[in-house]
Amino acid sequence: MEEYTLVVRKPCFGLPTACPSCLPVFFYLKFANVPFHLDYNLTYPDSDKIPYIESGEYVTYNNEKGGIIERLKEDRIADLDTELHSVPEWISTKAMISSWLADAIKYELWVGTDGSSAEKIYYSDLPWPIGKILFLKQLHKLKQELGITKDNSEKIEEQTYKRASLAFGALSSRLEEQNFLFENRPSSLDALFLGQALITLQALPETSVLRSKLLEHENLVRYVDRLKTEIVDAGSSSSVPNFNASPSSAAPRRGPSNWSSKPKSKPKREKTKEEISFKRRSKYFLVAQLVSVVLFVTLMARADDAEIELDDVEGYE
């Protein structure tokens with residue numbers, strides 16, 4: 001079989017990747033027995049193209065219609081959901097996992113906790129000022145996506161946790177003591193939920209409300225622990241390669257090398273054209289990010305000024 005490369009965000013919290021978009025794809029490929037190896041992209045922390053899969057001339061990105069898993073089905077590379085697409089309960093369960101639980105994890109990572117987990121997953125490899133401001137930019141974007149305002153923040157919080165609690169309860173009843181959610185075999189729903197659940201249990205702080213709600217369901221926790229042991233822990237030596245923070249090109253590409261170990265001293269050598277080109281493009285990237293951040297802060301400041309002026313006018317009236 002042809003081997004694929006799955007490019008994801010970096011490993012952390014004891015997981016091959018703690019990115020909510022990446023980890024389900026990792027499990028889907030594992031369940032489908034598709035041969036692949038992991039590579040990491042640390043250059044574009046806010047890119048919606050990550051994760052992506054490539055093999056030779058074939059490549060599919062996360063931001064394509066339906067996402068990577070749907071593309072893998074359409075391209076006949078791996079389809080775990082054969083004969084499940086038309087099952088009403090499977091369809092409703094997919095909608096619940098893809099909306100209620102997906103929104104709950106976003107909310108908890110960025111809003112419901114102190115944000116330290118999100119910073120570690122996405123921005124910890126960037127210089128502090130840029131990483132921090134990009135974090136605030138993404139936080140603002142997420143609040144807009146979830147419709148959070150000062151007036152409805154408490155209502156959104158209550159609704160988010162209520163839906164997550166209902167979803168966990170429904171999944172617990174659905175799973176009972178089976179090995180998988182449907183027909184006792186893995187499907188894309190198992191990959192989606194397993195990724196979400198592991199991030200909830202391992203990446204979120206112990207004070208997380210979402211984490212506590214998941215821990216209420218012992219059969220779900222056993223299910224997650226068993227699959228983690230079988231897939232992640234058993235294959236940790238081969239599934240999670242070492243790497244460094246400098247990919248070989250400015251576009252998201254492969255780049256395994258030593259990440260967790262301290263860099264060994266090497267004799268000085270002359271830089272190649274590719275390294276010089278990459279260094280130049282990295283500077284352009286950081287400058288572009290800094291410019292976008294400055295523009296973002298400027299626009300936000302103007303918006304706040306406009307609101308203040310509007311309030312003053314209303315006060316005079």
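By convention here, the first residue in the shown sequence is residue 1.
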[X] side chain near [Y] side chain, heavy-atom distance below 4.5 Å:
{"X": "T17", "Y": "P11", "answer": "no"}
{"X": "Y107", "Y": "I148", "answer": "yes"}
{"X": "E70", "Y": "K65", "answer": "no"}
{"X": "S98", "Y": "L192", "answer": "yes"}
{"X": "E64", "Y": "V59", "answer": "no"}
{"X": "L109", "Y": "I105", "answer": "yes"}
{"X": "F27", "Y": "L198", "answer": "yes"}
{"X": "K132", "Y": "E119", "answer": "yes"}

Worked verdict on F182 versus E89 for side chain to side chain contact (heavy atoms under 4.5 Å, CB included): CA-CA 9 Å; F182 281 86; E89 191 175 356; 4.2 Å; yes

What are the two closest heavy atoms between [X] and [Y], and how far apart are they?
{"X": "I69", "Y": "P24", "result": "CD1-O, 4.3 Å"}
{"X": "V7", "Y": "I50", "result": "O-CG2, 4.0 Å"}
{"X": "F135", "Y": "A118", "result": "CE1-CB, 4.0 Å"}
{"X": "L204", "Y": "R211", "result": "O-CD, 3.8 Å"}
{"X": "L126", "Y": "P45", "result": "CD1-CG, 3.5 Å"}
{"X": "K150", "Y": "S153", "result": "O-OG, 3.6 Å"}

So, [X] side chain and [Y] main chain: donor-acceptor pair closer than 3.5 Å or not?
{"X": "D225", "Y": "K228", "answer": "no"}
{"X": "N41", "Y": "T43", "answer": "yes"}
{"X": "R9", "Y": "C19", "answer": "no"}
{"X": "K120", "Y": "G115", "answer": "no"}
{"X": "N184", "Y": "N179", "answer": "yes"}
{"X": "Q178", "Y": "R174", "answer": "yes"}
{"X": "N152", "Y": "T149", "answer": "yes"}
{"X": "S55", "Y": "Y58", "answer": "no"}

Decide yes or no on side chain to side chain contact (heavy atoms under 4.5 Å, CB included) for L171 and M96, but give the supporting numbers first. CA-CA 10 Å; L171 289 169; M96 183 175 63; 4.0 Å; yes

Distance check, rounded to the nearest 0.5 Å: [X] atom [atom1] versus [Y] atom [atom2]?
{"X": "L210", "Y": "T200", "atom1": "CG", "atom2": "OG1", "result": "4.5 Å"}
{"X": "S21", "Y": "K106", "atom1": "OG", "atom2": "NZ", "result": "7.5 Å"}
{"X": "L42", "Y": "D125", "atom1": "CG", "atom2": "CG", "result": "5.0 Å"}
{"X": "E183", "Y": "W90", "atom1": "CD", "atom2": "CH2", "result": "11.0 Å"}
{"X": "S47", "Y": "N62", "atom1": "OG", "atom2": "CG", "result": "8.5 Å"}
{"X": "K94", "Y": "I97", "atom1": "NZ", "atom2": "CD1", "result": "10.0 Å"}

Would you say the side chains of [X] and [Y] form a donor-acceptor pair under 3.5 Å?
{"X": "Y223", "Y": "D190", "value": "yes"}
{"X": "S188", "Y": "D81", "value": "yes"}
{"X": "Y123", "Y": "D46", "value": "no"}

Here the side chain to side chain donor-acceptor pair (under 3.5 Å) pairs for residues 108-117, sequence neighbours left out, are E108-Y161, E108-S208, D114-S116

Other residues, nucleotides, ligands: >12 heavy atoms within 6.0 Å of Q144 CD: yes

For [X], enumerate each residue passing the salt bridge (Lys or Arg N to Asp or Glu O under 4.0 Å) test, keeping only those at least two apart in sequence or located in another chain.
{"X": "D79", "answer": "none"}
{"X": "E177", "answer": "R222"}
{"X": "E74", "answer": "none"}

Give the intermediate values and the outcome of side chain to side chain donor-acceptor pair (under 3.5 Å) for residues N219 and S172. CA-CA 7 Å; N219 66 331; S172 178; 2.7 Å; yes

With salt bridge (charged side-chain N to carboxylate O under 4.0 Å, His left out) as the test, would you mind laying out the steps for R226 and E230 before giving the verdict? CA-CA 6 Å; R226 175 178 58 82; E230 293 176 0; 3.6 Å; yes

Taking only residues at least two apart or on different chains, which pairs with a member in residues 3-23 satisfy ring pair (Phe, Tyr, Trp, His ring centres under 6.0 Å)? none

Results of ring-ring contact (aromatic ring centres under 6.0 Å, His included) for F180 - residues two or more places apart only: F31

Is the charged tip of K213 near the ring of F168: under 6.0 Å from the six-membered ring centre and within 45° of its axis? no

Could you walk me through whether I53 and T5 pass the side chain to side chain contact (heavy atoms under 4.5 Å, CB included) check? CA-CA 6 Å; I53 293 177; T5 298; over 6 Å; no

Residues Y28, L72; criterion side chain to side chain contact (heavy atoms under 4.5 Å, CB included); working and verdict: CA-CA 10 Å; Y28 187 84; L72 291 174; 4.0 Å; yes

